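Only one structure is covered here, and it is reproduced in the block below.
Quantities reported herein were computed from a predicted structural model and do not represent experimental measurements.
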Amino acid sequence: MASLQIKDVPQDLYRKLKRHAARQGRTLRDVLLEAVRKEVARAEFRARLARRDPVRLDRPGRALEETRAERDSEIDS
């Protein structure tokens, strides 16, 4: 397993992080690892979202009733 070191953390931020971890009954390491994982997941989500085709809002969508009726007619056939 790799190690990571963060240098020159402002003292007030360090104290806030320690208090936050203590309130949750967790270690500072666990709190920071979760924060890093969430940030990486957000970045990956934004990258996937950027690759998707945009949703066209200039044309109306199908009504739910219309979709259900079509589905029901296909099932009855």
Side-chain angles (χ1 to χ4, degrees):
M1 187 170 292
S3 293
L4 177 68
Q5 184 177 27
I6 302 174
K7 296 181 179 185
D8 301 323
V9 176
Q11 192 64 35
D12 62 325
L13 176 59
Y14 177 76
R15 282 194 291 266
K16 287 178 184 178
L17 288 167
K18 288 288 280 185
R19 282 194 305 267
H20 176 71
R23 280 192 303 269
Q24 293 186 358
R26 301 169 62 203
T27 65
L28 183 57
R29 173 196 172 275
D30 291 340
V31 168
L32 292 173
L33 280 176
E34 180 185 0
V36 170
R37 282 187 187 108
K38 284 182 179 180
E39 183 57 31
V40 169
R42 272 190 219 106
E44 289 171 348
F45 174 76
R46 285 190 295 265
R48 285 193 316 272
L49 192 59
R51 289 191 299 266
R52 290 185 63 186
D53 291 333
V55 175
R56 292 196 50 199
L57 299 177
D58 60 329
R59 57 186 167 144
R62 295 176 56 185
L64 182 59
E65 293 80 18
E66 181 183 332
T67 303
R68 284 182 177 159
E70 182 180 308
R71 180 198 62 203
D72 291 344
S73 69
E74 290 173 358
I75 291 173
D76 293 338
S77 299

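- L49 is linked by a side-chain contact (heavy atoms from CB on, under 4.5 Å) to F45, R52, counting only residues two or more places apart in sequence or in another chain.
- Applying the side-chain contact (heavy atoms from CB on, under 4.5 Å) criterion to L13, with sequence neighbours excluded, gives V9, P10, L17.
- The hydrophobic clustering, which links ILVMFWY residues whose side-chain heavy atoms are closer than 4.5 Å, places I6 and L28 together.
- In terms of the salt bridge (charged side-chain N to carboxylate O under 4.0 Å, His left out) criterion, residue partners of R42 (sequence neighbours excluded) are, by chain and number, E39.
- Listed by chain and number, the hydrophobic cluster partners of L33 come to none, as no ILVMFWY side chain reaches under 4.5 Å of it.
- Sorted by first and then second residue, the pairs that involve residues 13-31 and meet side chain to side chain donor-acceptor pair (under 3.5 Å), not counting sequence neighbours, are H20-Q24, Q24-R26, R26-E34, T27-D30.
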